[in-house]
Amino acid sequence: MEEERIDVFPVPENTDYDLNVGNFSFQFRRVVEGSLIAMVLLAITYLCAMLMRIKPTYMIALLVFSAGFGLAIGVAGINGDSISNYLLSAIKFRNNRRTAFYNPRVKSELKSFTDDNKEDDYVIPRERLETLYRSLRNRKQPDDAASNIYDHEFDKENMRFEDDYAFEKTKNRRAGR
C-alpha cells in the first residue's frame with residue numbers, strides 16, 4: 001500500500017484581513033467605516049453643490065473626489081487603528097482620567113535649614129540631602145590619610161610592575177646579558 005503524501009502550500013500574508021482587492025488587503029471594519037464617511041461627505045458635497053448651482057460635470061468631479069477622500073480616511077484609520085476604536089479609546093480615556101491639583105498649603109508648612117529654629121520635623125528631604133552633600137564635600141581629610149600620601153617608606157624609584165620585569169628580560173636578552 002502506498003503512503004499518503006500531504007501537499008503543503010504556504011498561505012499568503014494578505015489572508016489575515018477580511019477584504020482583498022488586487023494586491024491590497026483591508027480590514028472589513030475599516031472599509032465599512034470608510035464607506036460611511038464617504039456617504040456623509042457625498043451628501044454634504046451634493047447639498048453644497050446644489051446650493052451653489054455648480055455645473056453637472058464639476059459636481060461629478062467634486063462628488064468623486066469627496067467620496068474617495070472619505071473612503072481613504074476610513075481605510076487608513078488613526079494611529080494604526082480603526083476610527084471607531086480610536087474614538088472609543090479616547091472617550092474611555094477622557095472618562096477615566098485623573099487630574100492632579102497643586103496644593104500650596106503643603107509648601108507653606110514646610111521649613112528649611114535656613115530657618116532660625118532648625119527643627120528636623122519640618123525639613124524638606126531634598127534640603128537634607130543638599131546639606132549632607134555640602135558637609136561631605138567640605139570635609140577635611142584626616143591627618144592619617146594626609147600622612148599616607150607622603151609616606152617616606154615608599155620608594156618610587158625602585159617601583160616595578162609585572163610588565164616591567166617581562167620588558168627588562170626581553171631587553172636584557174637582546175643586549176646579550
Side-chain angles (χ1 to χ4, degrees), residues 1-139 163:
M1 208 154 128
E2 294 181 26
E3 291 183 28
E4 291 184 26
R5 189 172 192 180
I6 299 173
D7 294 332
V8 178
F9 297 103
V11 178
E13 293 179 14
N14 62 356
T15 56
D16 294 343
Y17 297 101
D18 297 331
L19 185 63
N20 297 324
V21 178
N23 291 335
F24 301 104
S25 301
F26 305 107
Q27 290 179 349
F28 186 72
R29 180 178 190 150
R30 288 187 182 190
V31 173
V32 170
E33 289 176 2
S35 301
L36 293 174
I37 293 171
M39 283 190 270
V40 169
L41 286 178
L42 272 173
I44 292 171
T45 306
Y46 181 75
L47 290 174
C48 291
M50 292 302 284
L51 290 174
M52 290 191 225
R53 296 183 183 174
I54 296 178
K55 292 182 182 179
T57 54
Y58 295 140
M59 186 187 309
I60 292 172
L62 281 173
L63 292 175
V64 168
F65 178 74
S66 63
F69 184 70
L71 188 63
I73 288 175
V75 169
I78 301 173
N79 289 335
D81 204 2
S82 66
I83 294 175
S84 60
N85 280 343
Y86 180 80
L87 291 176
L88 288 174
S89 298
I91 290 169
K92 284 181 186 177
F93 171 76
R94 187 165 174 82
N95 290 339
N96 295 331
R97 70 179 174 181
R98 295 180 182 173
T99 306
F101 296 99
Y102 172 69
N103 186 356
R105 179 186 57 81
V106 174
K107 195 170 185 178
S108 65
E109 289 178 357
L110 292 175
K111 297 184 181 180
S112 67
F113 274 132
T114 57
D115 290 340
D116 294 334
N117 56 7
K118 293 185 182 180
E119 295 177 13
D120 285 341
D121 296 338
Y122 296 102
V123 175
I124 299 173
R126 177 182 170 197
E127 291 179 354
R128 282 186 184 172
L129 291 173
E130 287 175 355
T131 55
L132 177 66
Y133 173 72
R134 275 190 237 114
S135 68
L136 291 175
R137 186 179 63 184
N138 297 332
R139 187 177 70 181
D163 297 340

Point-to-point distance, once rounded to the nearest 0.5 Å, from CD1 of I37 to OG of S66: 12.5 Å
Closest heavy-atom pair, L63 versus Y46, reported as atoms and distance to 0.1 Å, is CD2-N, 3.8 Å
Quick one: are M50 and L47 in side-chain contact, heavy atoms under 4.5 Å? no
Kindly compute the distance separating CG (L42) from CG (L71), expressed to the nearest 0.5 Å. 10.0 Å
Do you know which two heavy atoms are closest between G80 and R30, and how far apart they sit? O-NH2, 2.9 Å
Distance-minimising heavy-atom pair for L41 and T45: O-OG1, 2.7 Å
Please examine the side chains of I73 and I83, heavy atoms only from C-beta on, and report whether any two atoms are closer than 4.5 Å. yes
To the nearest 0.5 angstrom, please state how far the CG atom of N96 sits from the CD1 atom of I91. 11.5 Å
Step-by-step side chain to side chain donor-acceptor pair (under 3.5 Å) determination, S82 to Q27: CA-CA 9 Å; S82 66; Q27 290 179 349; 5.9 Å; no
How close do A67 and A38 get, heavy atom to heavy atom, and via which atoms? O-CB, 3.4 Å
What are the two closest non-hydrogen atoms of Y86 and D81, and how far apart are they? N-OD2, 4.1 Å
